[in-house]
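To start, the structure itself, in structure tokens.
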Amino acid sequence: MTVPPDVYSRTLAEGLVYHFKFPVKNAGAYQFRVAIRDTIGGSFGAASQFVQVPDVNNGKLALSGIFVEDMSIDDFQKMFDVAARTITDPMRDTSIRTIKVGRVYRYSLEIYNAGLDIAKNPNLESRIRVFREGTIIFEGPPKPFVRTGPPNTADLRLVGGLAIGSEMEPGDYILQIIVTDKFG
């Protein structure tokens, strides 16, 4: 791969995001590894990620991975106005894993196997928690699920946002999203 000069500085600052679909036959834990080498300079880098693939065929409630988008507060407030929405890159924002004070991080995930009533409406509740260095620093109240996708389908996507205030200290953070199916 050759990176053009106008993209090179952005690549150094933001990293390189490579998106691909990797089919798996079975649910379970997987480790993905990638390595890259600079053929001119000889330096190399590597990264790895553990991924838990849920068993969506067993009928039990399951969640996808979380997509994250970095947005300004203004862009977040306009996110449901398609004409006014700023284009972001959730693949890049999810992989960079760096947050900035004064920004809003819109998150979304897919919900599988939720119980539905006769009109295909779920009865779900969600809650978020934020951990810093293993300690809970924020726990949101339970919120009823609000459908953002087409009505009368089993396609369910949970969408929310988390504003990052100036009191956030540097460190390792974990966003936990808990979804409870009230139908059982």
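Position 1 is the first residue of the sequence; numbering continues from there.
In the hydrophobic clustering of this structure, F44 does not group with I36; members are Ile, Leu, Val, Met, Phe, Trp, Tyr whose side-chain heavy atoms approach within less than 4.5 Å, directly or through other members. Transitive grouping of hydrophobic side chains (ILVMFWY, heavy atoms separated by less than 4.5 Å) keeps F183 and L61 in distinct clusters. Note on I178: it does not cluster hydrophobically with F145, by side-chain heavy-atom contacts below 4.5 Å among ILVMFWY residues. At a threshold of 4.5 Å between side-chain heavy atoms, the hydrophobic network of Ile, Leu, Val, Met, Phe, Trp and Tyr places Y112 and L63 in two separate groups. A continuous path of ILVMFWY side-chain contacts below 4.5 Å connects V179 to V68, so both sit in one hydrophobic cluster.
Side chain of Y105 to main chain of K100: a donor-acceptor pair is present (N/O by atom type, distance under 3.5 Å, no hydrogens or angles). Remark: side-chain polar atoms of D38 are not paired, donor with acceptor, to backbone N or O of G42 under 3.5 angstrom. The backbone N or O of K60 sits less than 3.5 Å from a side-chain atom of N113, completing a donor-acceptor pair. Checking side-chain atoms of N123 against main-chain N and O of D181 turns up no donor-acceptor pair under 3.5 Å.
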Could you check E125 against K143 for salt bridge (charged side-chain N to carboxylate O under 4.0 Å, His left out), going step by step and ending with a plain yes or no?
-> CA-CA 5 Å; E125 184 176 84; K143 293 183 177 181; over 6 Å; no

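When all heavy atoms of P54 and A62 are compared, the pair lying nearest together is CB-CB, 3.8 Å. For the pair A29 and Q52, the tightest heavy-atom approach, listed with the atom from each and the gap, is CB-OE1, 3.6 Å. In this structure, P170 and R132 approach most closely via the heavy-atom pair O-NH2, 2.5 Å. Closest heavy-atom contact between S166 and V101: CA-CG1, 3.5 Å.
Counted within 6.0 Å of CZ on R157, heavy atoms from surrounding residues, nucleotides or ligands total 12 or fewer; the atom is thus considered open. More than 12 heavy atoms of other residues, nucleotides or ligands shown are found within 6.0 angstrom of OH on Y30. At most 12 non-hydrogen atoms from other residues, nucleotides or ligands lie less than 6.0 angstrom from CG of D172.
Interatomic distance, E110 CD to L158 CG, rounded to the nearest 0.5 Å: 10.0 Å. Atom CD in Q176 sits 5.0 Å away from atom CZ in R129 (nearest 0.5 Å). Distance CZ/F22 to CZ/F32: 5.5 Å, rounded to 0.5 Å. Interatomic distance, I73 CD1 to R103 CZ, rounded to the nearest 0.5 Å: 9.0 Å. Rounded to the nearest 0.5 angstrom, R33 CZ and Q49 CD are separated by 13.0 Å. Atom NZ of K182 sits about 10.0 Å away from atom CG of L124, to the nearest 0.5 Å.
The distance between the ring centers of Y107 and F67 does not fall below 6.0 angstrom.
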